[in-house]
Amino acid sequence: MLSLQLIRDHPDVVREALQRRHAQAPLDELIEVDRLWRQYTHQVETIRSERNALSKEIGQLSRLINDPQVDVRERRRAQHRRDDLVARSSFLSQQLEGLEAQLKEAEARLHQLLLQLPNIPHPRVPLGEGEKDNLVVRQWGDPPSFTYTPRPHWELAEHLGIIDFQAGVKLSGSHFYVLRGAGARLQRALISWMLDFHTARGYKEVYPPALVRGECMWKGGWLPTFAEFMYRDAEEDLWLLPTAEVALTNLHRDEILSPGSLPIYYVAYTPCFRREKFTAGREVRGIKRVHQFDKVELYKFVEPERSQEELEALVEDACAVLRALGIPHRVVLLCTGELGFSAAMTYDIEAWAPGSGEWLEVSSCSNCTDFQARRANIRFRREKGARPEFVHTLNGSGLALPRTMIALLENYQQADGAVIVPAPLRPYLAGQEVITPDDDRPLAP
RNA sequence: GGAGGGAUCGCACAGUGGCCGAGUGCGCCCGCCUGCUAAGCGGGUGGGGGGCUAAAAGCCCCCUCGCGGGUUCGAAUCCCGCUCCCUCCGCCA
């Protein structure tokens, strides 16, 4: 949510931001509704002010009238005066009724319109419309060369018996999968290792519920826009997380953080659920896009002036995971047209998947500036007694499990179809160095 | 699932229709007093919004007693609905 103050004072800035994003938004209507809202506010408050004064005097007169010590004539005079005031007050209340309804309507409309404006892109975000305008900022690692045509992960997985697509369909339908044996174990190792990895870099581990109230989705910016992409329990109005970002944002919803509590860094492992709309006939093979997946998410609450450097650090933390795993990857700065609604700047991190022959988005790191914080009402004080200010929030995957698994399997595949386990994961797999077919060995104690 | 109790300015509570324009204690801040500290004394102490002003400072006003409706000239207070918390019983990984 943008600051209404900004829209009032600098509508040109907002208009220009919309153009850069190639986004349509009802800015003119918003400005007009805001003007109306302020007009109604003024009218309503003027009347309320008079009514409050009358009420006060009516109260005083009532006490006088009921006081037997007071002279009868004076009490009668007070009675007349009171009747006049009550009549006037009654009239004002009548007038208010209509005005308050108008005010409320304007307010609701204003809020509705405000929710339709996306965040202002950071000046450093390249201008552009689509994927082709994204900027590859840097690349790490050379794609491995193979003496044979590298296999895609679904072939490797089938050969190794670690991903069971049929079982996924049997249990839950298409775009679900079952990990078996070394596959399940490898994912679990990745999760544990990544949590430890980020904790060691200063993030605090959090385990939130996977089901959250509708309010979290509204305040987190997911409703109403993304309702059709999420799963929900209708009976209780509980929503399944599409990403831990929702839960982590809401952790400090409606709070004023005390001086000295920033920055706050969180790392959370959660399942993520997405009701993706898969285009019929354009099959996405393997586990690249699924309805349920695991993700280790990074999240930061920081002071406004630090958010850009915090974004760079966040990207670095996500990249460090891939470096440690030895997976070639590149960092892509999204152009204005590709930016998410809440983001002022976003870097995607893409891992090279030699078998699939494509760069896979394994992480998306965004600086949401004060946009998300304003909507979720997350503020902080610089000093005791200082005015509360909105924090800046940042989020990024660190990393998403299925695509990390894809990249790992495809990069570390051997000619015979076995897959080498990257060194950092071995302690989490009781020292296991290679995954071979039908590998169901029990973990050493 | 059943029964009952509760939600008030950081915390603990008071307040059952107009003297509440929300009070008391604690905490916190400022000052006074004081070898130091503690105590004592005095003052202050939430959030949101609108307006005046070139702007800041400042001033005026409105809203905010869990949330939303209603009754009333007037609601923290009365009525209805909802949410959350607590206690007990039942059930249960």
Side-chain angles (χ1 to χ4, degrees), chain A residues 1-10 30-70 75 78-111 113-114 207 209-219 223 233-239 250-261 370 373-391:
Chain A
M1 192 161 76
L2 290 179
S3 150
L4 202 46
Q5 201 62 49
L6 173 77
I7 299 168
R8 273 176 207 156
D9 297 346
H10 305 286
L30 193 149
I31 290 168
E32 174 57 17
V33 172
D34 176 53
R35 197 189 59 77
L36 267 178
W37 176 76
R38 280 190 287 171
Q39 185 188 314
Y40 293 147
T41 298
H42 185 73
Q43 290 173 356
V44 163
E45 290 189 354
T46 305
I47 295 174
R48 280 212 275 241
S49 179
E50 188 187 342
R51 195 182 65 178
N52 286 345
L54 290 175
S55 277
K56 188 186 165 191
E57 200 180 340
I58 291 170
Q60 286 166 345
L61 289 170
S62 297
R63 277 192 302 282
L64 195 90
I65 290 160
N66 295 321
D67 187 347
Q69 310 239 306
V70 173
R75 282 160 69 181
Q79 181 69 54
H80 286 316
R81 169 94 178 129
R82 200 188 95 122
D83 289 346
D84 287 348
L85 295 186
V86 166
R88 171 70 181 161
S89 182
S90 182
F91 168 73
L92 289 179
S93 287
Q94 241 173 42
Q95 241 188 348
L96 263 183
E97 238 170 87
L99 269 174
E100 275 175 338
Q102 278 179 301
L103 175 65
K104 213 165 163 179
E105 199 186 311
E107 206 159 45
R109 183 67 187 144
L110 184 64
H111 187 66
L113 290 168
L114 210 45
Y207 179 78
L211 287 163
V212 297
R213 307 157 143 282
E215 190 184 356
C216 292
M217 291 300 176
W218 283 100
K219 295 289 191 85
L223 284 176
D233 169 53
E235 207 171 322
E236 308 280 351
D237 190 35
L238 285 172
W239 298 70
N250 278 276
L251 221 46
H252 293 293
R253 185 184 73 212
D254 296 320
E255 285 185 16
I256 301 176
L257 302 165
S258 4
S261 41
D370 61 354
R374 182 169 286 107
R375 189 150 168 183
N377 193 26
I378 306 168
R379 293 168 293 168
F380 77 107
R381 284 185 221 275
R382 290 182 191 275
E383 277 155 41
K384 226 174 170 53
R387 283 249 150 244
E389 294 173 52
F390 288 108
V391 301

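Within every chain, numbering begins at 1; the chains are lettered A, B, ... in the order of the sequence lines, protein sequences first and strands thereafter.
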* Could you state the CD-P distance from A:Gln60 to B:G74, rounded to the nearest angstrom? -> 18 Å

* Asked: Whole-Å distance between B:C63 P and A:His42 NE2?
  -> 15 Å

* Name the stems that RNA chain B belongs to, where each is three or more consecutive Watson-Crick or G-U pairs with both distances under 3.5 Å? -> B:1-7 with B:83-89, B:10-13 with B:23-26, B:27-32 with B:40-45, B:46-52 with B:58-64, B:66-70 with B:78-82

* Determine whether any donor atom in the side chain of A:Glu45 lies under 3.5 Å from an acceptor atom in the base of B:G49, or the reverse, and answer yes or no. => yes

Among the candidates [options], find the nucleotide nearest to the side-chain atoms of [X].
X        : options             : value
A:Arg387 : B:G48, B:C62, B:G74 : B:G48
A:Lys104 : B:G47, B:G69, B:C84 : B:G69
A:Arg51  : B:C61, B:G74, B:G18 : B:G74
A:Arg48  : B:G50, B:C73, B:C63 : B:C63
A:Thr41  : B:G50, B:U83, B:G47 : B:G50
A:Arg213 : B:G18, B:C84, B:C73 : B:C84
A:Pro388 : B:G48, B:C61, B:C84 : B:G48

Check whether any side-chain nitrogen or oxygen of [X] sits under 4.0 Å from OP1 or OP2 of [N], and answer yes or no.
X        : N     : answer
A:Arg38  : B:G49 : no
A:Asn377 : B:G47 : no
A:Ser93  : B:G74 : yes
A:Arg381 : B:G46 : no
A:Asn52  : B:G74 : no
A:Ser55  : B:C73 : no

* Touch check for A:Arg82, heavy atoms < 4.0 angstrom, all strands: base, sugar-phosphate only, or nothing? -> base

* Assign each of A:Gln5 and A:Ser49 to its nearest nucleotide of RNA chain B by heavy atoms, then name whichever residue's nucleotide is nearer the 5' end. => A:Gln5

* Ion pair present between A:Asp34 and A:Arg38, side-chain N to carboxylate O less than 4.0 angstrom? -> yes

